[in-house]
There are 2 protein chains.
Amino acid sequence: MTLTLDFTNMMAGALPNGAGITEAQWREAAEAFRLAHRQVMGQQAQLGFLHLPTNEELLRASVAVAQDTRGRFDDVLLLGIGGSALGPIALRTALCAPQWNALTLEQRSGNPRLHVLDNVDPATIAATLARLDLSRTRVLVVSKSGGTVETMAQYLIVREALAQAVGEEQARAHLVFVTDPEVGSLRRIARAEGITTLDIPANVGGRFSVFSPVGVLPAAIMGIDVRALLGGAAHVTLLAEGEDVARNLPGAFAVLQWLSDTQHGRRIQVLMPYADPLRDLALWFVQLWAESLGKILPDGTSVGPTPLPALGATDQHSQVQLFMEGPQDKTVTFIAVRGRTDEGRIPARHADIPELGYLGGHTLGELIDIEQRATAGALAARGRFNATLHIDAIDAWHLGALMQTFELATAYAGALYGVDAFNQPGVELGKQFAYAMLGRAGSDAARTEWDALPKPDPRWRL
Amino acid sequence: MTLTLDFTNMMAGALPNGAGITEAQWREAAEAFRLAHRQVMGQQAQLGFLHLPTNEELLRASVAVAQDTRGRFDDVLLLGIGGSALGPIALRTALCAPQWNALTLEQRSGNPRLHVLDNVDPATIAATLARLDLSRTRVLVVSKSGGTVETMAQYLIVREALAQAVGEEQARAHLVFVTDPEVGSLRRIARAEGITTLDIPANVGGRFSVFSPVGVLPAAIMGIDVRALLGGAAHVTLLAEGEDVARNLPGAFAVLQWLSDTQHGRRIQVLMPYADPLRDLALWFVQLWAESLGKILPDGTSVGPTPLPALGATDQHSQVQLFMEGPQDKTVTFIAVRGRTDEGRIPARHADIPELGYLGGHTLGELIDIEQRATAGALAARGRFNATLHIDAIDAWHLGALMQTFELATAYAGALYGVDAFNQPGVELGKQFAYAMLGRAGSDAARTEWDALPKPDPRWRL
């Protein structure tokens, strides 16, 4: 059970034409990291995520609800968006069998399906409700604030459908809320109606909540080893206690990306696992990195790298051409899985055809591993910054370790960039405009601002 | 049946602080577009994609194989990667019911499931083969070159499994190849063994092939109205005949993105449909735009915008913070669907709670539409370039129109940037390195270059 980061291909010396981070830059950054580490450790009001992996009480609460769910319910419908959805989806894709929801109960070892509604597309919700037997469906409503407009709209529709299917009284027993311990509409409804509710601690933000019941409850319901998941996260939390960047893996990741952006113009930062099960982990990372670091500084300057999701080997036939030959504005971080080289033996056939003959006797595990190394080497040969996170296996422990690595790296990167990694003020204006159009009370100022925006100009339409 | 592009929010006047494309830039670009249009029209050897929507012979060939498939087979397994997979996946997500492969035969109106293997992850292939009844599975092997290493490896494994399940003789009747009319290994095998094969015309590249049997065959098998699909594409092809950018929608899209990048530093170009079914269309666009435009010019300069996929409203809780407050380096093109405002009525409930009470009586269709407009307005208010493609409905005609719009725009953008939009030389080095490690004949030079690359440096590992 290890997680290692090889960043040779980000450093001067390995890359041609003087490209790469110099040893002097790395040494200076080590000093900047010391300060960043201290600053992060001072933000205790935001650091709830560091304590989640060892919070036995929260874990037991999730496990109890999971036990109450399995067997009684065939389907779990999760209503949530952003941090409330991306973590559970990433865990399902990584740790459950492929196409989980299409498997039989036996193939799922008796565990329920998990459906996540993370949008307000009317067609998706209608199709989902049409397919579910609501009398056998548990509904999780997940929102840190307890008032997210998309999730509240989903909740109103699903609760009505549930009440029609099983009656008002019984509907309450199907619902589980996951929200702030004290404030918000969900908490208020839960208290008034006695609905089972699990806590997201007040000092844990939505995108840092995967090790709270937000991620742990659905994981436990699907039969994922949640103790191993939290164990991997706890391991990384310990790794990151020291302020020496050369011994702090999440810190090293943060420093490398920050240096690449601010000193070398590498402002687009690709996460590219070479493994289908990690496809949605990249999307979870995108939210974490983008929403935490894309900020306006007090002096009005905009900062923040742009995370870009990719998947190997698939994207060798899509984005890699751009990574190889496009502007020198990217870093690529691969995730490579060791120890699959005996999986997926390729039979010998068509030995007379050069394009097929040489493949016989190799394995897919070898092929995907070789393709990752070949792509990393080719990028380096062309001066393109890249690094590789190696994991031993795709299991709960390593997922926990990876996710906590990225959460810690995000906190450090916030300090390095000089931004508050834990807020998201930029989305407020769009929310206010939507409230104004929906006629929500108190949105008059937004309505005035909205009405003053330039209207569509017929000259600029075709 | 219309497709319109509103780009007010990309133009000076609509954006604050002097941001935006000026009328003078737009007029100059119109002249550049005339030249680009002529140049593209001169590249007939690459423009096969323009003629696909009206190629009756190819359409009939796909429809015949589809008819031979439906009823006889319950599952279709497509082996392909890049352009061979992204188009079929985008069409399935857009035009079939949600979670198509999890539906019953009746819910699918008797149409087969479609499984796409677009990677060489050993776990995915093993899980897929374990679930399929191969005696009722049609296998499509899709590769323009007929020798794509990932697809050949998949083919060898699947063919062996098929032969074991139904016998060597019968296995041939399950296979359909889709490849170049003359050259490549698949064509050679097809000829030797009498395997049914559909053509990708020689002048159609993989990422421009969705209206060839690459996309049309799987679409027809799933019961998609392929005549309407091609009709939408043909409509846009006609729209784009003129060299006046003010009347050429694909041209306008290309010019706007090119100007935004080269004159305004907007080098990251987001495609953000507000509709779950269009989620995978954005991934198809990413390949098209990235692989076509990310190139090294003859003088050694690297060019090419970076496409970024997003999904509304979901990404308002992920990437939009970065789009709003991060560096002024992005354009956002929304896709908005008209006419869904009566879908997904939200029931009145919890009228006493301000965060929920105002939602009752609205619809999800209204909500998603309002959120798109609110986000566009908020971005514009903060000087962020954005445009909106409006479509009337998510149906085969509009998908055809959208996809042909992006294909034409890509060809025009290639001419504007001065790159060959139809090749992908940058992926060759990684391929050669992989061949060398796999021991393929003729890869000695690559082996030498590979061996000369710097090795992982233990100083840069933790």
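Note: hydrogens, waters and symmetry copies are ignored here, and every other heavy atom, side chains too, is used. Quick caveat: nothing in here was measured; it's all calculated off a predicted structure.
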Exercise: identify the closest heavy-atom pair between [X] and [Y]:
| X | Y | answer |
| --- | --- | --- |
| B/A290 | A/S318 | CB-O, 4.1 Å |
| B/V120 | A/A313 | CG2-CB, 4.4 Å |
| B/L322 | A/P307 | CD2-CD, 3.9 Å |

query = Are A/T124 and B/D276 linked by a side-chain donor-acceptor pair shorter than 3.5 Å?
reply = yes
message = For A/L86 and B/H317: C-alpha separation, side-chain torsions, deciding distance, then whether side chain to side chain contact (heavy atoms under 4.5 Å, CB included) applies.
response = CA-CA 10 Å; A/L86 290 161; B/H317 297 263; over 6 Å; no
query = Charged N to carboxylate O under 4.0 angstrom, B/K455 versus A/D6?
reply = no
inquiry  = Under the criterion side chain to side chain contact (heavy atoms under 4.5 Å, CB included), I'd like the reasoning laid out for B/R131 against A/L103: C-alpha separation, chi angles, the key distance, then a yes or no.
reply    = CA-CA 8 Å; B/R131 284 182 52 219; A/L103 301 183; 3.2 Å; yes
With chain A as the partner, which of [options] has the greatest number of non-hydrogen pairs under 4.5 Å?
| options | result |
| --- | --- |
| B/V320, B/V303, B/T363, B/T148 | B/V303 |
| B/G326, B/G344, B/G146, B/A252 | B/G326 |
| B/Q107, B/E343, B/H115 | B/E343 |
| B/R340, B/R382, B/E150, B/Q154 | B/E150 |
| B/T375, B/L293, B/L249 | B/L249 |
| B/P354, B/G13, B/A153 | B/A153 |

Which atom pairs, one a donor and one an acceptor, fall under 3.5 Å between side chains of residues 424-439 of chain A and the rest of the protein, sequence neighbours left out?
| from | atom 1 | to | atom 2 | distance (Å) |
| --- | --- | --- | --- | --- |
| A/Q424 | OE1 | A/R207 | NH1 | 2.6 |
| A/E428 | OE2 | A/Q432 | NE2 | 2.8 |
| A/Y435 | OH | A/R440 | NH1 | 3.4 |

Inter-residue atom distance A/T314.OG1 - B/D121.CG, 0.5 Å rounding = 9.0 Å
Close side-chain approach of B/L462 and A/V245, heavy atoms under 4.5 Å =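 Result no, sub-4.5 Å side-chain heavy-atom pair not found.
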key: Note, A/Y155 side chain near B/I346 side chain (heavy atom, < 4.5 Å)   =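 No, their side chains stay 4.5 Å or more apart.
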task = Using the side chain to side chain contact (heavy atoms under 4.5 Å, CB included) rule, take B/M11 and A/D457 through it: C-alpha gap first, then chi angles, then the decisive distance, then the call.
result = CA-CA 10 Å; B/M11 303 303 287; A/D457 184 332; over 6 Å; no
message = Pair B/E355, A/S185 - check side chain to side chain donor-acceptor pair (under 3.5 Å), show working.
response = CA-CA 7 Å; B/E355 280 176 310; A/S185 300; 2.4 Å; yes
inquiry  = Once you measure the plane-to-plane angle for B/W26 and A/W460, does it fall in the parallel (<30°), tilted (30-60°) or perpendicular (>60°) bin?
reply    =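 Correct class here is perpendicular.
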inquiry  = Under 4.5 Å from any heavy atom of chain B, what part of A/N248 do you find: side chain, backbone, both or neither?
reply    = backbone
